[in-house]
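Everything numeric in this text was worked out from a predicted model, so none of it was measured. Lettering of chains follows the sequences in order, A, B, ..., and the numbering in each one begins at 1.
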Amino acid sequence: MATEISKGYQPGDVETQWYSRWEEAGCFRGNENSDKEAYSIVIPPPNVTGILHLGHVLNNTIQDVLARRARMEGKEVLWLPGTDHAGIATQAKVEQKLRKEEKKTRRDLGRDAFLEKVWEWKEEHGGIIIEQLKRMGCSCDWSRERFTMDEDYSRWISKIFVDLFKEGLIYRGKRMVNWCPKSLTALSDEEVIMKPQKSKLYYMRYKVAGEESADGPRWLEIATTRPETLMGDTAVAVNPKDERYADLIGKSVIRPFPRAEIPIVADEHIDLEFGTGVLKVTPAHDKADFEIGVKNNLEIIDVFNPDGTVNEHGGPEFEGLDRFEARTKAAEKLEEMGQLVKVEDYENNVGFSERADVPIEPRISMQWFLKYPCVEEAAAAVENDEIHFRPERWKKTYAHWMNGIQDWCISRQLWWGHQIPVWYRKDKADALQALESLDAEGAGDDLYVGIEPPADEENWVRDDDVLDTWFSSWLWPFATMTNCDEDPSATEKKFFPTTDLVTAPEILFFWVARMIMAGYRWRGELPFKNVYFTGIVRDGKGRKMSKSLGNSPDPLNIIAEYGADALRFSVMRTAPLGADIRFEIANEGGKEIYPQVVEGRNFANKLWNAVRYRQMQEGEGVFDTDALSIYSLDILAKLDRLEKDMAAAYEDYRFNELAQLLYDFFWGQYCAWYLESSKGDFAEDADPASKASTLATMDLVIKRVLLALHPFMPHITEELWENLGYREEGGPEFLMQTPLPTTAVLAGVDEKRVAAAQAQVKDVYEAVSRARNLKAEYGLSSNKSVKMIIDPEGSDFSETDVFQQLVGAGEIVLEAGHKAEKGVPAALTAIGKIFLPLEGFIDVDAERERLGKELAKAESELKKVNSKLSNENFVSRAPDSVVNEMKERKKHWQERGEELTKMVDNLGG
RNA sequence: GCGCGAUUAGCUCAGGGGUAGAGCACCUGCUUCACACGCAGGGAGUCGCUGGUUCAAAUCCAGCAUCGCGCACCA
């Protein structure tokens, strides 16, 4: 059966070979015709030109663990993969390349030629991240891979646009939007990130019109952070309750440049405390100002070009200047005019473009907007846990956002994306596009909105804009399964709604919330039942991983060095539910090492060698519950416990606990104790029946551990499964297809017998620890062969062979009532008194000191317990179990104290 | 400003009303025939601070501090 296993585990070839075999055998395919219970996940599609980072590793390992576990639980699993076209990010990359290599802009090429370039780039780089996911071991159904700009998928986008337009939920309007002067497009509110900035607060003064007196003009002082927008000011505003300025409302001030008279208006949103209590109103460049402008019928003067430079409204002095240069210049000019009063340092929040990382410019522009559909249903689904969020605290954030939901600006002034399916009749196009608002009701015959282009396309002009990338992502859970012109496909019928969604909380609004609304709108139900929000992967210092900080190791390098299994296991072991994970990076001699991954690799190696040890034992196991040793009973009981604990942890998606449970059981229990305690069964003179029983126990434990561990470390477990020949005749070809056992190993074995065995084993192991400790205290190396004498003191201790094996003693003598020489080291244990007679080592003083320390500990413990038990309130109010435990503890320390006192006395004075 | 997290050993983190835990790092010893990616032993913590509830608080409650994250039209 088995092939020989090498000494150290080498993950490289093992991992890639198994992945190919699984894939070729179709193990990842979700069968829509299966009778089995369905389990499905759609992958959060990574950017098509993206590169795998540790966030992906965390996210996709969780999905793979869930998918693999579900398969082994006998479910029909579909993990549907794909990529996202990522409009801004991808277009920016290609534009950058174009600029660098050909010194051209996208406009030099024109729309069609540019898009060709992007598709080329996509073909070249689009597969990278997919290959990287495969290297991680992800069991996605690659036959169903989707891309958000696939033809079928794009059709969906047009269809829903048409639906929503006809329903009146999509409209076009001139509105204040977030404008990115670098990407030259509008953004949604979610794509703006507020960052605190150190800036200046400029105090300037405007002349009040017609209030000239003998003392000179009357001045109105105004504070602003943006003097560069002054040319667009069409009013100043004060709070109507502000007594300082009450007489000025309705009058005007003189805007210094370009010189003009602008009104003083009242608005209750003005904060009396801020600055001077006077606000300069620039309706074209501030959302709040815009509203004041609308209310007061103010003129809207846009002073910037799309790229953030000042336009002709700034006058010749300012025209062409960048907005930040203009700020300095405006301040200087005010200074010259004697109208700059003072400048203060000031920290405020400035909105930045998420992708381009430059301050966004609030700007009036013509855009397409969406009023979200099915908001109430989507909010309720999460509120009442039909869709279960984990951790639950995200419910609140979600509810808050859904509550204050704003229309979504869905048009982008980009070329890479889904072009808006709206056509304007050629001769009317300019007029239509100039309309301040446009919706289904007002559309008329000169506007065409449809999935297919109009029949006489040459007579129409298509809207230039494309749709926000997230406007395609929100259909992902079902648009990947069914074409929009068809009834739900067999795949959808089987696998939708999906079971789990695993994603980062950063995209709760971008993606999760919108998918829920889309699910209700187009499928009439929720798109997934559970959402697991992962944490963020940070470096050892708690900083977010980022390219610019250079603290983001390449997972592929880590995999090459330590193996995918090691990386997966270590990430899972340090990823508690919903908390950020710190990925440590240490430096050793100029080389980066990753302590957590080292642990994972060590664990893989431990597993490898423990299995190799089993294989080195000749012979077949014979499993007979009646023949099990107490040690076998103990480890099998712990195995049953492990499986129970794991089932519970899976219920709560506690992956770190799952990994830790496996680690502790296998290394801490099975390797550290069971394997050592059973070594005697492989001695030449051992009883063949014991050996066969132990081998059977080892096989059972290894089998079940490989099954349980497989979702976390799929490659090594599959390799070992094959090496050990655990595949059953006629059974599944792979471990990954093997169902998990549904019965406990010790089912049907007398519980009392198991409990007694476990108690006995516990006593032996504890005694072993004390004996080892005794040896170490006296400077004897752990492999030093020594003689020990055990006085069982009435206990029925008979496990001398195992004791000897575990302690590394050469000889164990059982002698009731043994009288030791003075100064012979001794320890008290549940199995009796252990003596370590050492020729030439007897040292009465040293032993007295050692025993003295133990005695002191026993006395202090006894004191603690006594003070508890003498507290009447405790005895009367604490539960009996606690009181009884306390009494037992008292007895234990009392006896121990007495014994120790006797031992000290025996040493003499 | 409002809301949500976090704060436990040098580091990364579990735990969670009734004797403070793991791994790494550290110290000592060990080339023991599965594994030095290992084995044995050891030291190490007023569980952020202050109050409260309780027989009992690291754990529950309140306040505070520090860090982080959302949300918010103080220019």
NA contact type, Pro362(A), heavy-atom cut-off 4.0 Å: base, sugar-phosphate, or nothing?
nothing

Looking at Phe389(A), is Lys395(A) sitting on its ring face, NZ or CZ under 6.0 Å from the six-membered ring centre and within 45 degrees of the normal?
no

For Tyr346(A), is the NZ or CZ atom of Lys200(A) found under 6.0 angstrom from the centre of its six-membered ring and inside 45 degrees of the ring axis?
no

Under 4.0 Å from OP1 or OP2 of [N]: is there any side-chain N or O of [X] that close?
{"X": "Arg582(A)", "N": "A6(B)", "result": "no"}
{"X": "Lys606(A)", "N": "C39(B)", "result": "yes"}
{"X": "Asn602(A)", "N": "G38(B)", "result": "yes"}

Between Gln669(A) and Lys638(A), is there a side-chain donor-acceptor contact under 3.5 Å, judged purely by atom types and distance?
yes

How far does the P atom of U66(B) sit from the matching atom of C61(B), given to the nearest Å?
22 Å

Nucleotide paired to [N] in any strand shown, Watson-Crick or G-U, under 3.5 Å:
{"N": "C73(B)", "result": "none"}
{"N": "A57(B)", "result": "none"}
{"N": "G38(B)", "result": "C30(B)"}
{"N": "A65(B)", "result": "U7(B)"}
{"N": "C13(B)", "result": "G21(B)"}

Which nucleotide in the list C37(B), U12(B), A34(B) gets nearest to the side chain of Asn609(A)?
A34(B)

Base of A22(B) paired with side chain of Glu599(A) (donor-acceptor, under 3.5 Å):
no

Side-chain donor or acceptor of Ser782(A) under 3.5 Å from a matching atom on the base of G29(B)?
yes

Parallel, tilted or perpendicular: ring planes of Phe569(A) versus Phe712(A), cut at 30 and 60 degrees
perpendicular

